[in-house]
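One-based numbering along the sequence shown. No experiment lies behind these values; they were computed from the predicted model shown.
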Amino acid sequence: MSTSQFELRAANESGLASEQTTATNDLTDALPAITDPSLTTTHDTSVPDGGYGWIAVLGCAVITWWFVGTTYSWGILQAALVRQGLSEASTLSFVGSLTVACIAFLAVANARIVTEIGAQKLGFLGVTLLGVGEVVAGFAVRDVGALFATVGVVMGVGTSMCFMTVSIIPGQYFLRKRGLANGIVFAAGGLGGAAISLVMERLVDRLGPAWALRIIGILTLTTGLPAAWLIRERSPAKRTTFIEWRLFTSLKFDLLLLSGIIGTFPLLVPPFFLPLYCQSIALKPSVGAAMLATFNFSGALGRIGCGLLCDIIGPLNVLFATLLLTGISMLVLWPVSTTLVPLVMFAIWNGVASGGFFAVMPTVVGSIFGTQKMPIAMGMIVTGWAGGYLMGGPIAGYMLGRYGGVEGGVAAFRPAMYYAGSMSLGAAALVAFMRLRIESAIWRKL
């Protein structure tokens, strides 16, 4: 297709889309155009914005309840295993980090797999591995290496498949309400984290970590598999290569990739270390579980709220706000949270802000690159999160150990707080640069 033909076709398509007021138009038109037609945004004017999409969102929400809720409750098990003397917090945080890091390590592979077998089958596989991994991990709580294999690898692979499934389905059914749909899906993860944190603490206290893992695994299988059956693809993703190298020619893609690489380093620090932090300021383990539940519940509110805001003020504006507020909370509020009240305030603030990140990013990617390109674009961006997911928590754990450990009190935690907060502000700066390059008017919907 010649350049003139492409420009004429693009003009016709923009005429059809002019009736829809979306952030997509702002994002795709403001930066220099990409000359390859395959990289332009696809506006699907036939998206139903409802119908069976709400059933699919329900299925995705149940799956997200389990794979996000269990990974964000690792701090409860980590604190219990540290108290039992199994290993140091820096080592055990690697186990939980590996689970989440698999989302990034396998994102590109899962983006290809979903085009071959479909989202429903990928969801079935993900839930099965997640639940089986938890049950088997119940027999591995006395060996760190076995925990790496079960919790880190088996559950990690399942988690990565679940993440890819729930990330691409809402965009196939929703356009104007895409932010809300993604917000609902990922809010379920925050609610799951809140509920599972409290249940996990009670199970650990009464039955021990082994049976806590087994029971959660059985519940995951019995509810997650029927939820996966509810998922139906409206427009299956086109088969493509593992990596779309031409995406790197887009400045929008490069900035989103880099901001995600930096911004994911601090995200797991609060949920992994809040229980230990409560212990360091002489609060009971039950209070630590309550703080983690508060964090996760606030994350659910942040996911829904940020999803709604995406539809009102634009996903790119919301992405910047989530990263900025996450950084401020860890640099300003957490270091002075030496009593219960400010600590609750921190858990709410940081939970809302960091939770919003996960609901906003799929909306941003879908708005820019369209439904058909979303799996591969999202897969490539999420792959960049591998370093932050894998090393973000352990770096904080190393800093904690280096400056005195849990026994060192609040002062031992502050270097980790400053590191995490600074990384969030760095990511926010990149998003701000992209936002201002697109449009200098700060109140414009983008």
Practice task
With sequence neighbours excluded, tell me which residues meet side-chain contact (heavy atoms from CB on, under 4.5 Å) with Arg435.
Solution key: Leu316, Asn317, Glu439, Arg444, Leu446
Practice task
Determine yes or no for a side-chain-to-main-chain donor-acceptor pair under 3.5 angstrom, with Asp205 supplying the side chain and Glu201 the backbone.
Solution key: no
Atom pairs and distances, side-chain donor-acceptor, residues 391-416, under 3.5 Å, sequence neighbours left out:
residue, atom, partner, partner atom, Å
Arg414, NE, Pro335, O, 3.1
Arg414, NH2, Pro335, O, 2.8

Practice task
State whether the side chain of Gln78 and the backbone N or O of Phe272 hold a donor-acceptor pair below 3.5 Å, judged by distance alone.
Solution key: yes
Handout entry: Residue among Asn110, Ile103, Val108 satisfying side chain to side chain contact (heavy atoms under 4.5 Å, CB included) with Leu106
Key = Asn110
Practice task
Mark yes when over 12 heavy atoms from residues, nucleotides or ligands other than Trp54 sit less than 6.0 Å from its CH2; otherwise mark no.
Solution key: yes
Problem - Test side-chain contact (heavy atoms from CB on, under 4.5 Å) applied to Leu340 - qualifying residues, sequence neighbours left out - result: Leu283, Val287, Met291, Val344
Exercise for the section: Write down the atom of Pro275, the atom of Leu292, and the distance for their closest heavy-atom approach. Expected result: CG-CD2, 4.3 Å
Practice task
Could you tell me whether a side-chain N or O of Glu233 sits under 3.5 Å from a main-chain N or O of Ala119, the two making a donor and an acceptor?
Solution key: yes
Handout entry: Among Leu147, Val153, Val151, the one residue meeting side chain to side chain contact (heavy atoms under 4.5 Å, CB included) with Leu98
Key = Val153
Handout entry: For the student: nearest non-hydrogen atoms of Met423 and Ile262, plus distance
Key = O-CG2, 3.2 Å
Exercise for the section: Taking the six-membered ring of Phe253 (Phe, Tyr or Trp), confirm whether the NZ or CZ of Arg246 is under 6.0 Å from its centre and within 45° of its axis. Expected result: no
Practice task
Would you confirm whether Asp311, through its side chain, and Leu180, through its main-chain N or O, come within 3.5 Å as a donor-acceptor pair?
Solution key: yes
Fill in the blank from the handout: Nearest heavy-atom contact between Val204 and Ala80 is CG1-CB, 3.7 Å
Practice task
Scan for side chain to side chain donor-acceptor pair (under 3.5 Å) pairs involving residues 216-231, sequence neighbours excluded, and state none if there are none.
Solution key: Trp66-Thr223, Glu134-Thr220
Problem - Partner set under side-chain contact (heavy atoms from CB on, under 4.5 Å) for Pro170, not counting sequence neighbours - result: Ala181, Asn182, Val185
Problem - Nearest atoms (heavy-atom pairs only) where Ala101 meets Tyr389 - result: CA-CB, 3.5 Å
Exercise for the section: Check whether any side-chain N or O of Ser167 sits under 3.5 Å from a backbone N or O of Met164 as a donor-acceptor pair, and report yes or no. Expected result: no
Exercise for the section: Apply side-chain contact (heavy atoms from CB on, under 4.5 Å) to Leu267 and list each qualifying residue two or more places apart in sequence or on a separate chain. Expected result: Thr264, Ser354, Phe357, Phe358
Exercise for the section: For Trp74 and Ser97, indicate whether the former's side chain and the latter's backbone hold a donor-acceptor pair under 3.5 Å. Expected result: no
